Amino acid sequence: MKYVARANRIKNILSTANIGASVKIQGWVRSRRDSKGGFSFLDISDGSCVAGIQVIADRSLPNYDSEVKHLTTGCSVEIEGNLQKSPGTKQQVEVLAKRINVIGWVDNPTAYPLQKKRHSLEFLREIAHLRARTRTFGAVSRIRNSLSNATHNFFQSRGFLYIHTPIITPSDCEGAGELFRVTAIELDNVPKNSNGEVDFRQDFFGRPVFLTVSGQLYAEAYASALTNVYTFGPTFRADNSNTPRHLAEFWMVEPEMAFCDLEGDMDLAESYVKHLFRSVLEDCTEDIEFLERLTPETKIIEPLTRFIDSEFERISYTEAVKLLEQSHQPFEVPVKWGTNLQSEHERFLCEKYFGKPIFIFNYPKQIKPFYMRVNEDNKTVAAMDLLIPRIGEIIGGSQREERLDVLQERMRELNIDPRDYWWYIDLRRFGSVPHSGFGLGFDRVVQFVSGMRNIRDVIPFPRTPNSAEL
RNA sequence: UCCUCGGUAGCUCAAUUGGCAGAGCACGCGGCUGUUAACCGUGUGGUUGCAGGUUCGAGUCCUGCCCGGGGAGCCA
């Protein structure tokens with residue numbers, strides 16, 4: 001038997017609903033229900049849409065008693081038949097099977113973890129290799145794909161170049177969290193120098209290297225030649241963060257624009273996020289509706305629509321602090337200019353006070369890294385965060401410090417060795433330009449759009465502290 | 001990492017004051033004239049997270065550890 005990648009999948013068969021047409025479907029059995037009439041209903045899914053297709057398997061099929069009656073959830077099948085109008089109320093059309101081939105049995109149905117009933121997300125997380133077969137994870141996967149596609153469409157249509165920044169890097173991108181070390185040294189035979197320290201000169205790269213925590217510094221180099229660029233790749237943080245919003249391996253979209261200031265940065269961020277919302281609403285309507293039905297307490301479509309049609313709020317850090325002070329809310333931690341805003345503060349502003357996505361910009365320079373551009377007041381830097389309800393921060397960005405002397409001064413203040421950043425400093429010596437960029441936590445956007453509570457459920461195989469089982 | 005709640009059958013959960021470890025679903029078998037969380041009957045299924053302790057007796061109480069959820073911090 002020959003197999004080819006098929007274009008005509010269940011989604012297409014259901015949407016064209018061509019009564020009488022001869023169809024072939026390949027997929028996995030979601031459930032089998034035996035009718036009183038001596039035939040069976042099969043619910044078949046191939047991951048192309050939320051709905052499965054109903055197949056009528058009559059007892060006149062030659063393998064009805066020997067095979068069809070023994071099909072269980074998870075078996076893979078190939079079915080040929082004719083599309084007919086369904087007398088049932090839950091679907092418009094169904095397939096009257098002429099031939100049912102079982103491709104792969106579930107050899108021990110009791111051991112197959114997925115059942116017809118609803119499973120907890122925590123349980124499904126333990127069987128990440130099978131959870132894509134559920135409606136929920138199918139929907140999330142299609143949404144993730146759509147957002148990914150929309151990302152490229154957005155930047156490509158604006159002339160941004162997609163660049164591939166390195167995954168392995170000697171740079172620790174100051175302030176972006178803990179690093180995973182990459183080494184080819186045999187850990188039971190570590191080379192030491194005369195001081196008893198690990199001798200990285202004997203390692204693969206002849207120096208210490210890490211997995212990237214951000215492509216930003218490299219993107220700056222390319223923006224300083226190609227004007228507008230973006231990266232979209234995996235990012236690694238070894239922070240011991242145990243929250244529903246953090247992954248040790250996540251995906252980040254990082255545009256970087258030459259000749260662009262902080263306001264231009266926020267403008268682009270706003271356009272981009274709205275483009276994502278708009279296109280996923282259109283592209284994955286059924287998936288989003290399905291997920292919203294699953295968790296009715298989490299509204300998705302209404303806020304998405306409202307955010308697309310409204311201006312995101314823009315407020316400076318200093319104004320935000322004032323607002324919080326005047327709010328008379330019973331915060332656990334009091335607001336104080338010069339310190340990081342607490343989650344409760346951000347949530348109040350974003351969810352309660354404004355009720356929509358907000359940019360907070362111009363943060364105190366003492367809580368931000370060396371590369372952010374120092375403002376006129378010499379107290380704040382041109383940084384911005386975009387917060388959205390329910391998720392919190394999805395974007396962190398800034399205008400970069402393009403002035404050589406100011407950059408060097410900042411590095412001295414923060415005790416950063418300029419020799420580690422010689423090439424980054426070079427960019428300020430040779431045709432420096434004002435430039436800006438940001439990083440968008442892609443998985444967090446998927447989380448927001450899908451309504452999933454835990455970020456571990458929007459990436460196929462999540463990596464978190466103490467968890468990389470498969 | 002800290003705070004907090006939890007871990008009982010393959011899954012979702014119950015078990016009163018410390019007193020015989022249960023139900024639904026799944027799976028097997030039988031039944032049923034179009035089902036769709038199918039239904040009816042019946043059967044299989046347990047080291048109560050792990051290791052100690054208290055007690056005549058521990059799923060239940062105590063100590064330590066492991067794992068999971070929620071919150072916080074760090075961030076995207």
Side-chain angles (χ1 to χ4, degrees), chain A residues 30-44 51-59 69-70 72-74 84-91 94 96 106 108-127 135 173 175-178 213-216 234-254 269 331-333 339-347 367-369 385-388 391-397 438-448 453-457 459 464-467 469:
Chain A
R30 226 174 230 155
S31 77
R32 187 196 88 230
R33 296 180 295 276
D34 299 326
S35 143
K36 301 175 219 173
F39 59 97
S40 300
F41 298 93
L42 301 177
D43 187 12
I44 309 297
I53 194 163
Q54 174 160 284
V55 173
I56 310 301
D58 192 78
R59 68 177 139 192
K69 286 277 277 182
H70 300 283
T72 54
T73 306
Q84 62 181 27
K85 224 171 133 43
S86 175
T89 54
K90 297 262 169 99
Q91 62 279 316
E94 62 192 19
L96 179 61
V106 168
N108 179 4
T110 322
Y112 186 64
L114 292 174
Q115 299 166 15
K116 291 191 251 185
K117 62 175 225 162
R118 208 166 145 175
H119 290 96
S120 70
L121 296 170
E122 291 80 12
F123 168 67
L124 292 172
R125 220 172 279 152
E126 294 169 10
I127 48 165
R135 277 184 235 277
C173 204
E178 297 295 313
V213 289
S214 166
Q216 180 201 319
T235 306
F236 307 88
R237 307 256 169 108
D239 301 317
N240 191 5
S241 297
N242 294 287
T243 83
R245 304 177 301 281
H246 287 87
L247 291 166
E249 177 182 292
F250 65 100
W251 288 69
M252 188 151 69
V253 178
E254 294 178 283
F331 294 123
E332 299 273 332
V333 180
T339 62
N340 277 309
L341 296 177
Q342 304 286 306
S343 296
E344 53 176 346
H345 303 150
E346 295 184 340
R347 237 182 295 118
I367 57 171
K368 291 293 181 183
D385 284 354
L386 175 63
L387 313 178
I388 57 173
I391 307 294
E393 183 179 349
I394 58 164
I395 283 178
F438 61 82
L440 169 131
F442 186 74
D443 313 85
R444 289 184 180 174
V445 176
V446 181
Q447 215 184 330
F448 182 70
R453 289 289 175 79
N454 195 312
I455 201 165
R456 297 164 200 206
D457 298 325
I459 190 166
T464 53
N466 239 309
S467 175
E469 190 59 32

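Proteins come first, then strands; the chains are lettered A, B, ... in the order of their sequence lines, and each starts at number 1. What you see is a predicted model, and the numbers here were worked out from it, not measured in a lab.
Between the CD1 atom of Ile367(A) and the C1' atom of C74(B) there is a distance of 13 Å, given to the nearest Å. Here U1(B) presents its P atom at 16 Å from NE2 of His246(A), a figure rounded to the nearest Å. Atom C1' of nucleotide G73(B) and atom CD of Glu393(A) are separated by 14 Å, given to the nearest angstrom. Spacing between atom CG of Asp239(A) and atom P of G73(B) amounts to 14 Å, rounded to whole angstrom units. Distance CD1 (Ile455(A)) to C1' (C75(B)): 11 Å, rounded to an integer number of Å. The separation between Glu122(A) atom CD and G6(B) atom P is 15 Å, rounded to whole Å. The CG atom of Asp385(A) sits 9 Å away from the C1' atom of A76(B) (whole-angstrom rounding). For the pair Phe123(A) CZ and A26(B) C1', the computed distance is 11 Å after rounding to whole Å.
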Under the side-chain hydrogen bond (donor to acceptor under 3.5 Å, both in side chains) criterion, do Ser31(A) and Arg33(A) qualify, and how do the steps go?
-> CA-CA 7 Å; Ser31(A) 77; Arg33(A) 296 180 295 276; 3.2 Å; yes
Step by step, would you call Ile395(A) with Asp385(A) a side-chain contact (heavy atoms from CB on, under 4.5 Å)?
-> CA-CA 5 Å; Ile395(A) 283 178; Asp385(A) 284 354; over 6 Å; no
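Between the side chain of Arg237(A) and the backbone N or O of Val213(A) there is at least one donor-acceptor pair closer than 3.5 Å. Glu254(A) contributes a side-chain N or O that, together with a main-chain N or O of Gly215(A), makes up a donor-acceptor pair within less than 3.5 Å. In this structure, Ser35(A) contributes its side chain and Ser40(A) its backbone to no donor-acceptor pair below 3.5 Å.
Pairing each heavy atom of Glu94(A) with each of Ser86(A), the nearest pair is OE1-OG, 2.9 Å. Nearest heavy atoms, Asp239(A) versus Glu178(A): OD1-N, 2.9 Å. Here the shortest heavy-atom pairing between Asp43(A) and Gly52(A) reads OD1-CA, 3.6 Å. Of all heavy-atom pairs spanning Gln54(A) and Gln91(A), the tightest one is NE2-NE2, 3.4 Å.
Residue-to-nucleotide contacts include a donor-acceptor pair under 3.5 Å from the side chain of Ser241(A) to the base of C74(B).
When the C1' atom is compared between G18(B) and A23(B), the two are found 23 Å apart, to the nearest whole Å. Look at the P atom in both U55(B) and U60(B): the space between them is 16 Å, to the nearest Å. C13(B) and U4(B) have their C1' atoms separated by 22 Å, with the value rounded to a whole Å. A26(B) and C11(B) have their C1' atoms separated by 7 Å, given to the nearest Å. For the C1' atom pair drawn from G7(B) and A15(B), the interatomic distance equals 16 Å after rounding to whole Å. Distance check on atom C1': C29(B) versus U44(B) gives 10 Å, rounded to whole Å. Nucleotides G53(B) and G28(B) have their C1' atoms positioned 43 Å apart, rounded to a whole Å. If you take atom C1' in A58(B) and the same atom in G24(B), they sit 27 Å apart, rounded to whole Å.
With sequence neighbours excluded, the residues forming a ring-ring contact (aromatic ring centres under 6.0 Å, His included) with Phe442(A) are Phe232(A), listed by chain and number. Qualifying ring-ring contact (aromatic ring centres under 6.0 Å, His included) partners for Phe123(A), counting only residues two or more places apart in sequence or in other chains: His119(A). His246(A) meets the ring-ring contact (aromatic ring centres under 6.0 Å, His included) test with no other residue; sequence neighbours excluded.
Pairing analysis of RNA chain B (Watson-Crick: purine N1 to pyrimidine N3 plus N6-O4 or O6-N4; G-U wobble: N1-O2 and O6-N3; both under 3.5 Å) yields stems of 3 or more pairs at B:1-7 with B:66-72, B:10-13 with B:22-25, B:27-31 with B:39-43, B:49-53 with B:61-65.
The nucleotide whose nearest atom lies closest to any side-chain atom of Thr243(A) is, among G68(B), G71(B), A72(B), A72(B). Closest to the Arg237(A) side chain, of the nucleotides C74(B), C11(B), A76(B), is A76(B). Nearest to the side chain of Asn240(A), among C27(B), U1(B), G69(B), sits U1(B). Out of C74(B), C11(B), U1(B), the shortest distance to the side chain of Asn242(A) is found at U1(B). Closest to the side chain of His70(A), from the set U12(B), G73(B), C29(B), is C29(B).
Closest-nucleotide positions on RNA chain B for Trp251(A) and Ser343(A) were compared, and the one nearer the 5' end corresponds to Ser343(A). Toward the 5′ end of RNA chain B lies the nearest nucleotide of Thr73(A), the other residue of the pair Thr73(A) and Gly439(A) mapping further downstream.
Looking at heavy atoms from C-beta onward, Leu114(A) lies in side-chain contact with Ile127(A) at the 4.5 angstrom threshold. Side-chain contact between Phe250(A) and Ile459(A) is absent, with no heavy-atom pair separated by less than 4.5 Å.
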Under 3.5 Å, which N/O atoms of the protein pair with N/O atoms of nucleotides 64-67 of chain B?
unit_1	atom_1	unit_2	atom_2	d
C67(B)	OP1	Asn466(A)	OD1	3.0

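Contact annotation: Ser214(A) does not reach the phosphate of A76(B) (side-chain N/O to OP1 or OP2, under 4.0 Å).
At the heavy-atom level, Pro244(A) lies under 4.0 Å from the strands shown only through sugar-phosphate atoms. Across all strands shown, His119(A) has heavy atoms under 4.0 Å from sugar-phosphate atoms exclusively, and none from any base. Nucleic acid contact class of Arg347(A) (heavy atoms, under 4.0 Å, all strands): sugar-phosphate only. If you check every strand for non-hydrogen atoms under 4.0 Å, Arg30(A) touches nothing. Among the heavy atoms of the strands lying under 4.0 Å from Arg125(A) are primed sugar atoms or P, OP1, OP2 only; no base atom is included.
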Under 4.0 Å protein heavy-atom contact, by nucleotide of nucleotides 34-44 of chain B - B base, S sugar-phosphate only = BBBSB------
